[in-house]
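Note that this is a predicted model, so its numbers are computed, not measured. Position 1 is the first residue of the sequence; numbering continues from there.
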Amino acid sequence: MKKDEPPLDFPDTLEGFEYAFNEKGQLRHIKTGEPFVFNYQEDLHRWNQKRYEALGEIITKYVYELLEKDCNLKKISIPVDATESEPKSFIFMSEDALTNPQKLMVLIHGSGVVRAGQWARRLIINEDLDSGTQIPFIKRAMDARKCV
C-alpha cells in the first residue's frame with residue numbers, strides 16, 4: 001500500500017458501493033444515477049483496480065442469484081459426494097437436466113474472473129446485464145426446450 005493510499009477495505013454489497021441495477025439492467029450510482037466510475041480516487045490506480053475487482057465479485061454473486069431466480073437454474077455442488085478435503089466446484093442446471101433427453105446446455109467458468117453466466121464483467125459494469133451476461137440466451141434456450 002502506498003503511503004497516502006486508502007485501506008483496501010471495500011463494501012460487500014452493491015448497496016454498500018452505492019450502486020444498483022436500474023430497470024434497463026444498467027449499473028448506476030444510487031444517488032446520482034451516473035455510470036460506474038473506475039477512477040474514483042485520482043492517481044491511485046492500484047486502489048481503483050482493487051475496488052473494481054471487489055465490485056466484480058459482488059456482481060458475480062448477483063448474476064448467480066439471477067441465474068437461480070430468473071432462469072430457474074439450480075446451483076449444484078460437484079462432485080456431489082466430495083469430502084471437505086476434496087476439491088469441488090459447482091454447476092447450474094435446470095430442474096429437468098437429468099431427465100430431459102432432448103436438450104442439454106452446459107455453462108462453465110472461463111479463465112480468470114469470467115464465471116458461468118457471464119460474457120464479461122466489463123460489459124456488465126459499463127453496459128448492462130443483457131450485454132454482459134448469458135441470461136438472454138439462457139432464457140431463450142429454456143423457452144425452446146419447452147417447445148420440444
Side-chain angles (χ1 to χ4, degrees), residues 6 8-41 44-148:
L8 299 174
D9 185 26
F10 302 105
D12 57 2
T13 64
L14 278 176
E15 295 78 21
F17 271 95
E18 296 186 330
Y19 282 94
F21 286 98
N22 66 16
E23 66 283 344
K24 294 179 183 177
Q26 300 165 321
L27 186 67
R28 294 293 183 256
H29 193 274
I30 293 170
K31 295 175 184 171
T32 67
E34 293 295 316
F36 177 76
V37 175
F38 180 85
N39 287 317
Y40 190 74
Q41 295 280 345
L44 292 176
H45 181 76
R46 186 178 91 87
W47 187 89
N48 288 323
Q49 180 64 36
K50 293 293 183 186
R51 176 176 171 267
Y52 178 82
E53 291 168 8
L55 178 64
E57 290 300 317
I58 294 166
I59 287 174
T60 292
K61 291 176 188 170
Y62 184 82
V63 170
Y64 289 167
E65 290 171 13
L66 292 177
L67 291 174
E68 292 180 284
K69 188 178 88 186
D70 292 356
C71 299
N72 298 314
L73 298 178
K74 293 172 65 174
K75 186 177 176 182
I76 307 295
S77 294
I78 55 169
V80 293
D81 58 353
T83 65
E84 284 298 315
S85 62
E86 291 181 301
K88 49 190 162 263
S89 188
F90 59 88
I91 61 170
F92 289 95
M93 65 183 230
S94 62
E95 290 283 338
D96 68 346
L98 302 176
T99 59
N100 184 341
Q102 302 297 319
K103 296 182 180 186
L104 175 68
M105 176 174 42
V106 179
L107 304 178
I108 60 171
H109 298 300
S111 60
V113 298
V114 178
R115 297 288 174 239
Q118 298 181 36
W119 296 122
R121 279 186 184 171
R122 181 186 58 77
L123 290 174
I124 297 169
I125 291 171
N126 297 318
E127 298 297 326
D128 58 37
L129 288 165
D130 280 353
S131 298
T133 72
Q134 298 162 359
I135 291 172
F137 299 92
I138 294 167
K139 286 180 177 179
R140 205 160 80 209
M142 297 294 272
D143 288 343
R145 163 181 68 97
K146 295 173 189 170
C147 298
V148 175

Shortest non-hydrogen separation from M142 to L73 and the atoms involved: CE-CD2, 4.0 Å
Derivation of the side-chain contact (heavy atoms from CB on, under 4.5 Å) call for E95 and K74: CA-CA 7 Å; E95 290 283 338; K74 293 172 65 174; 3.2 Å; yes
If you measure from NZ on K61 to CG on L14, what distance do you get to the nearest 0.5 Å? 11.0 Å
Using 0.5 Å steps for rounding, measure from the CH2 atom of W119 to the CD1 atom of I135. 11.5 Å
More than 12 foreign heavy atoms under 6.0 Å from CG of N22: is that the case here? yes
Min side-chain heavy-atom separation Q118-I124 under 4.5 Å: yes
Nearest heavy-atom approach of A82 to P87 is CB-O, 4.4 Å
Can we call the ring centroids of Y64 and F90 under 6.0 Å apart? yes
Output for pair (C71 SG, K69 NZ), nearest 0.5 Å, gives 10.5 Å
Is the backbone N or O of T83 less than 3.5 Å from a side-chain atom of E86, with the two atoms forming a donor-acceptor pair by type? yes
Check the pair S131 / D128 against side-chain hydrogen bond (donor to acceptor under 3.5 Å, both in side chains), numbers first and verdict last. CA-CA 5 Å; S131 298; D128 58 37; 2.9 Å; yes
Quick one: list whatever passes ring pair (Phe, Tyr, Trp, His ring centres under 6.0 Å) with F10, sequence neighbours left out. W47
Can you find a pair of side-chain heavy atoms, one from L8 and one from R51, that are under 4.5 Å apart? no
Under a 4.0 Å N-O cut-off, is there an ion pair linking E18 with K31? yes
Is the side chain of N48 donor-acceptor paired with the backbone N or O of Q41 at a distance under 3.5 Å, no angle test? yes
Kindly write out the residues that satisfy side chain to side chain donor-acceptor pair (under 3.5 Å) with R121, not counting sequence neighbours, or none if the list is empty. E57, T60
Shortest non-hydrogen separation from G16 to T13 and the atoms involved: N-OG1, 2.8 Å
In Å and rounded to the nearest 0.5 Å, what is the CZ to OH distance from F17 to Y52? 12.0 Å
If you look at every heavy atom in L129 and T133, which pair is closest and at what distance? O-OG1, 2.7 Å
Kindly indicate whether the side chain of E127, heavy atoms from C-beta on, has any atom under 4.5 Å from the side chain of Q26. no
For the atom pair CZ (F92) and CG (L67), what is the distance rounded to the nearest 0.5 Å? 5.0 Å
When rounded to the nearest 0.5 angstrom, what distance separates CG in L55 from CZ in F38? 11.0 Å
Just wondering, do L66 and Y62 contact through their side chains at under 4.5 Å, heavy atoms? yes
Where P6 and L44 come nearest, the two heavy atoms and their spacing: CD-CD1, 3.4 Å
Non-hydrogen atoms of V63 and G117 that approach each other most closely: CG1-O, 4.0 Å
Can you check whether R122's main-chain N or O pairs, donor with acceptor, with N126's side chain at less than 3.5 Å? yes
